[in-house]
Amino acid sequence: MHTQIKKVVVVGGGTAGWISAALLKKLLGSPIDIELVESESIGTVGVGEATIPPIRLLNSVLGLNESEFLAKTKGTIKLGIQFENWRVEGESYFHSFGAAGKSMAFCHFHHFWQRAQSLGLNTSLWDYDLNYLAAKAGKFAQINSKDPIIELPYAYHFDAGLYAKYLREASERMGVTRTEGLIKHVEQDNDSGFIRSVVLQDGRKITGDLFIDCSGFRGLLIQQQLGAGFDDWSHWLPCDRAIAVPSQRHATTLPYTRSIAHAGGWQWRIPLQHRNGNGVVYSSQHYSQQQALDLLLKNLDSEVLGEPNFIKFQTGRRRQQWSRNVIAVGLSSGFLEPLESTSIHLIQSAIVRLLHLFPHQGVKAVDVAEYNRQSKIEYEQIRDFIILHYHVNERNDSHFWRDLRHMAVPDSLRHKIELFRATGRLFREQNDLFLESSWLQVMLGQGIIPQDYHPIANNLSQDKLFAMLNTIRAVKNEPLAKLPSHDDFLRSFCTKPN
Ligand SMILES: Cc1cc2nc3c(=O)[nH]c(=O)nc-3n(C[C@H](O)[C@H](O)[C@H](O)COP(=O)(O)OP(=O)(O)OC[C@H]3O[C@@H](n4cnc5c(N)ncnc54)[C@H](O)[C@@H]3O)c2cc1C
């Protein structure tokens with residue numbers, strides 16, 4: 001279809017809608033009109049408060065000032081996630097955004113650490129990770145060290161509603177038009193099947209050349225209108241319900257998310273400046289709504305601040321995320337799990353992918369096919385990483401964990417686990433969002449002990465190996481004393497003039 005793209009219509013004003021509108025406007029500029037339609041009567045999903053480090057690039061491309069952003073969204077710093085009770089009850093491990101040790105030529109640091117373990121050095125991999133050390137000490141500052149071994153990669157926790165509002169202000173300043181109204185009909189071209197317009201309840205008609213479907217789980221255009229299909233992954237990721245509730249903040253603000261497993265799922269705790277975000281994620285086959293709500297409320301350790309928000313979802317992905325002239329972004333494109341906070345990132349990467357393949361001279365089948373190929377790979381890689389947390393467990397307290405342990409996982413994941421178990425080796429697949437350091441932490445944390453390490457690690461005497469590890473550990477610990485507490489950082493940073 002060779003219609004020049006002059007106008008893009010974004011359907012939906014949740015996090016997906018406003019990120020899409022802001023990023024497209026920022027990068028495409030005035031030649032392309034962008035109109036966003038949203039309905040206050042429907043509202044947004046109201047969750048999505050934890051992020052991963054690439055969001056900093058998004059904010060920076062959008063020109064958002066970091067201290068203003070943190071102040072306006074009541075944001076805090078996230079250095080990683082603490083997984084509690086995941087392998088067995090009573091144990092925890094950390095998935096930090098940093099990496100343990102330092103990069104070594106041809107052989108990952110953990111092989112050296114593994115050899116040292118076999119020689120009797122009793123340290124944890126996380127002793128060599130500044131992100132973990134700072135997180136546990138409740139400290140943070142932006143580090144601009146010339147030494148690549150000293151880095152503190154971070155992301156944010158924020159209030160999802162305030163973030164969408166903040167992005168709306170930024171988008172409108174850039175020239176995005178916002179229309180309030182409930183879409184009642186969708187008009188398609190008879191020949192091509194392309195969407196021509198959406199018609200609001202009051203009869204107003206919004207036409208466009210390209211449509212970004214950010215309408216949430218309902219997939220108003222991509223599914224209800226175009227029937228793009230859905231790959232259901234609930235046999236691998238059976239959690240299908242969540243209940244979210246805010247609670248009073250704690251005196252000390254942790255710079256990390258807590259993910260606490262329970263018999264039928266898990267619970268998140270996200271520290272913000274003005275409150276904690278909490279939620280329980282569970283499988284409705286294994287838990288009733290009342291059981292999940294009771295569990296959530298019982299495990300809160302501060303006063304409840306609002307009514308619970310009950311959410312149903314299905315894990316999986318939209319089979320064609322780009323169909324005709326509609327691109328599904330956000331929850332309309334699929335949903336994996338909140339477990340590793342990947343959804344907001346998937347919004348960002350979908351728009352970046354669209355920009356790389358932007359059909360300015362009209363939608364071409366090859367661009368659509370390439371977009372769908374790349375997004376399928378991206379979703380599948382993240383899917384595997386999330387399944388890993390559930391599948392490799394030693395819990396015996398419920399059918400939920402036993403069923404997940406015994407299920408057949410995707411071949412791609414099975415191979416990765418077998419390779420690591422036998423050799424300690426890990427390889428990043430193409431553009432996998434998660435680096436080797438992420439896979440390593442979760443593999444070890446969930447209890448996979450590699451049976452071997454790389455022979456390059458044998459090329460040092462025991463004394464030299466221990467000395468090297470001691471030096472790295474000391475270097476990683478050295479900045480800690482100078483770091484302010486996370487709360488002191490927020491207090492001074494958020495009041496900085498812009
Ligand atoms: C339990 C849970 C926890 C999560 N936690 C995280 C997390 O920690 N980190 C993370 O990255 N992600 C998380 N996510 C995902 C995150 O919440 C979403 O990716 C994000 O909020 C984007 O949602 P959305 O904008 O696609 O949909 P929504 O927020 O549902 O927005 C849909 C929009 O479409 C509009 N709309 C729908 N129908 C119509 C209509 N007929 N007419 C007009 N407008 C319409 C609505 O008004 C609304 O503006 C979580 C999700 C769930 C379910």
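All values derive from a computational prediction rather than experimental measurement. Numbering of ligands and ligand atoms starts at 1, following listing order.
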When you compare ligand 1 with Leu331, is there at least one nitrogen or oxygen pair between them that comes in under 3.5 angstrom? yes
Ligand 1 and Ile344, any nitrogen or oxygen pair closer than 3.5 angstrom? yes
For atom 8 (O) of ligand 1, which protein heavy atom lies nearest, and how many Å away is it? Ala50 N, 3.2 Å
For ligand 1, note which part of Ala244 has a heavy atom under 4.0 Å away: side chain, backbone, both or neither. neither
Any heavy atom of Arg218 under 4.0 Å from ligand 1? The part involved is side chain
State plainly whether the residues Glu370 and Lys376 are in salt-bridge range, i.e. N to O under 4.0 Å. no
Nearest to atom 27 (O) of ligand 1 by heavy atom, Ser343, Gly181, Gly216: which? Gly216
Residue, atom and distance of the protein heavy atom nearest atom 46 (C) of ligand 1 read Gly43 O, 3.2 Å
The answer for which part of Val11 has a heavy atom under 4.0 Å from ligand 1 is neither
Got an N/O contact under 3.5 Å between Ser332 and ligand 1? no
Taking only non-hydrogen atoms of Ser341 and a 4.0 Å limit, the atoms of ligand 1 in range are 9 (N), 11 (O)
Taking ring-ring contact (aromatic ring centres under 6.0 Å, His included) as the cut-off, I'd like each qualifying pair that reaches into residues 203-230, sequence neighbours left out, listed once. Phe217-Phe335
When you measure from the side chain of Ser333 to the backbone N and O of Gly330, does any donor-acceptor pair fall under 3.5 Å? yes
Which pair of heavy atoms, one from Leu296 and one from Ile243, lies closest together, and at what distance? CD2-O, 3.6 Å
Selection residues 225-245 - residue pairs positive for salt bridge (charged side-chain N to carboxylate O under 4.0 Å, His left out), sequence neighbours left out: Asp231-Arg317, Asp231-Arg319
Tell me if a side-chain donor or acceptor on Arg218 pairs with a main-chain N or O of Gln223 at a distance below 3.5 Å. no
